[in-house]
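Written out below as structure tokens is the structure these notes cover.
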Amino acid sequence: MPELPEVETIKNELEPHVVGRRVTGVSLPWKGIVREPSVNQFRARLIGQRITGLARRGKYLSFSLDSGESLIIHLKMSGSLLLKRNSTDDRFVRAVISLDDGLELYFRDPRKFGRMWLVDDTRTVVGKLGPEPLETGFTVKLLAGLLRGRAAPIKALLCDQDLIAGIGNMYADEALFAAGIHPLRPGGSLSADEVKRLHNAIRQVLRQAIGKKGASIINYYRPDSELGTAHFHFRVAHRRGEVCYNCGTPIQRITVRNRGTYFCPRCQRQ
DNA sequence: CCCGGAACCTGAAGGC
DNA sequence: TGCCTTCAGGTTCCGG
């Protein structure tokens with residue numbers, strides 16, 4: 001499931017192959033993947049454009065185009081972007097973007113949650129996102145201000161993209177474990193020291209996962225079809241029934257906001 | 001504005 | 001063998 005580290009990895013690995021290339025064709029085996037504009041407009045306006053850059057914002061990937069427009073992609077839960085030189089027969093491919101050097105960019109997405117936009121201004125899609133947790137502006141003080149007065153569980157707040165961009169279910173669990181904070185603690189109830197630990201944990205967990213090229217729990221592939229290895233370093237996420245590496249207590253799974261939430265009941269007390 | 005829950009999707013895995 | 005349930009969760013929408 002692509003979160004910030006996975007999308008960052010995809011951006012880094014796609015960049016050398018697509019920047020400078022011209023789009024020569026767009027095929028849409030499942031038209032529902034285009035969110036904006038109409039399918040005909042999308043195709044007509046994209047073909048012929050040169051890709052001038054690639055950027056990530058939260059979990060969104062945006063291709064800047066020489067017209068000044070941007071192609072924005074969100075992989076949601078099961079999407080991947082694969083670079084291929086020979087067309088493949090795969091019933092889960094929802095879109096294919098052909099480039100002028102013969103490479104093809106496949107948008108593969110079994111569950112049809114992923115979306116694409118072609119817009120003049122990226123802010124129409126990503127304008128409401130919160131700060132980037134790995135940028136220098138994301139300080140302890142900023143995080144404290146975001147959490148102040150909030151009654152919702154800290155787990156839910158960490159996953160709120162309008163609050164902080166890019167953290168999803170897996171890395172929220174990992175960051176809370178690293179900070180020793182129970183996922184159900186109200187966001188506003190964290191002490192100054194806990195906020196400081198959480199701030200440090202968020203950055204450490206995301207940086208480590210980028211170093212491991214992301215986590216391949218389900219349906220995450222890098223553009224060359226290789227997997228990431230960050231999940232081998234998870235300490236709570238998806239480890240139900242296994243024991244905590246710190247204290248030997250069995251990892252618990254509860255539901256927070258309809259999301260599976262993994263934590264150590266001893267290292268992360270209420 | 002804040003909070004919680006349902007809906008959108010479909011395949012994998014486990015129980016009986 | 002096969003059917004049924006659960007799990008996976010990013011985002012949006014809706015109701016209180």
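Just so it is clear: chains get the letters A, B, ... in the order the sequence lines come, proteins before strands, and each one is counted from 1.
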Rounded distance in Å - CD1 (A:I72) to P (C:dG10) = 19 Å
inquiry  = What's A:R91 touching, base or sugar-phosphate or nothing? Going by heavy atoms closer than 4.0 Å.
reply    = sugar-phosphate
request  = Would you indicate what A:A156 reaches in the nucleic acid, counting non-hydrogen atoms under 4.0 angstrom: base, sugar-phosphate, or nothing?
outcome  = nothing
ask   = Over how many whole Å does the gap from A:D109 atom CG to B:dC9 atom C1' extend?
value = 9 Å
query = If each of A:R111 and A:A152 is mapped to the nucleotide of DNA chain B with the nearest heavy atom, which maps nearer the 5' terminus, i.e. the 5' end?
reply = A:A152
task = Spell out, as yes or no, whether a donor-acceptor pair under 3.5 Å connects the side chain of A:R56 to the backbone of A:G58.
result = yes
inquiry  = Taking atom types as they are modelled, would you say the side chain of A:R259 forms a donor-acceptor pair with the base of C:dT11 within the 3.5 Å cutoff?
reply    = yes
task = Measure from CG on A:D160 to C1' on B:dG5 and round the result to the nearest Å.
result = 15 Å
note = note: A:D173, atom CG; C:dG10, atom P; distance rounded to Å ~ 10 Å
task = Take atom CH2 of A:W30 and atom C1' of B:dC8, then tell me their distance rounded to the nearest Å.
result = 10 Å
task = State whether a side-chain donor-acceptor pair under 3.5 Å links A:T9 with A:K213.
result = no
key: Flag side-chain contact, heavy atom, 4.5 Å: A:L176 against A:Y171   = no
ask   = What is the distance, rounded to the nearest whole Å, between atom CD of A:E3 and atom C1' of C:dT11?
value = 13 Å
request  = Apply salt bridge (charged side-chain N to carboxylate O under 4.0 Å, His left out) to A:K59 and list each qualifying residue two or more places apart in sequence or on a separate chain.
outcome  = none
request  = Could you measure between the two P atoms, the one in B:dC9 and the one in C:dC3, and give it in whole Å?
outcome  = 25 Å
query = Under 6.0 Å from the CZ atom of A:R266, do we count more than 12 heavy atoms belonging to anything else shown?
reply = no
task = With heavy atoms under 4.0 Å as the rule, sort A:P153 into base, sugar-phosphate or nothing.
result = sugar-phosphate
request  = Please check if the side chain of A:E69 supplies one atom and the backbone of A:L46 the other of a donor-acceptor pair under 3.5 Å.
outcome  = no
ask   = Does OP1 or OP2 of B:dG4 have a side-chain N or O of A:N258 closer than 4.0 Å?
value = no
request  = Give DNA chain C the dot-bracket treatment, 5' to 3': Watson-Crick (N1-N3 with N6-O4 or O6-N4) or G-U (N1-O2, O6-N3) under 3.5 Å, [ ] crossing, | other strand.
outcome  = .|||||||.|||||||
key: Side-chain N,O (A:K76) to OP1/OP2 (B:dC9) below 4.0 Å   = no
ask   = With respect to the phosphate group of C:dT11, does any side-chain polar atom (N or O) of A:Q161 fall under 4.0 Å of OP1 or OP2?
value = yes
request  = Could you tell me the separation between the CD atom of A:E36 and the P atom of C:dT11, rounded to a whole number of Å?
outcome  = 17 Å
message = Could you check whether any side-chain N or O of A:S70 sits under 3.5 Å from a backbone N or O of A:I72, counting only pairs where one atom can act as donor and the other as acceptor?
response = no
inquiry  = Within the 4.0 Å heavy-atom criterion, would you say A:R115 contacts the bases, only the backbone, or no part of the nucleic acid?
reply    = nothing
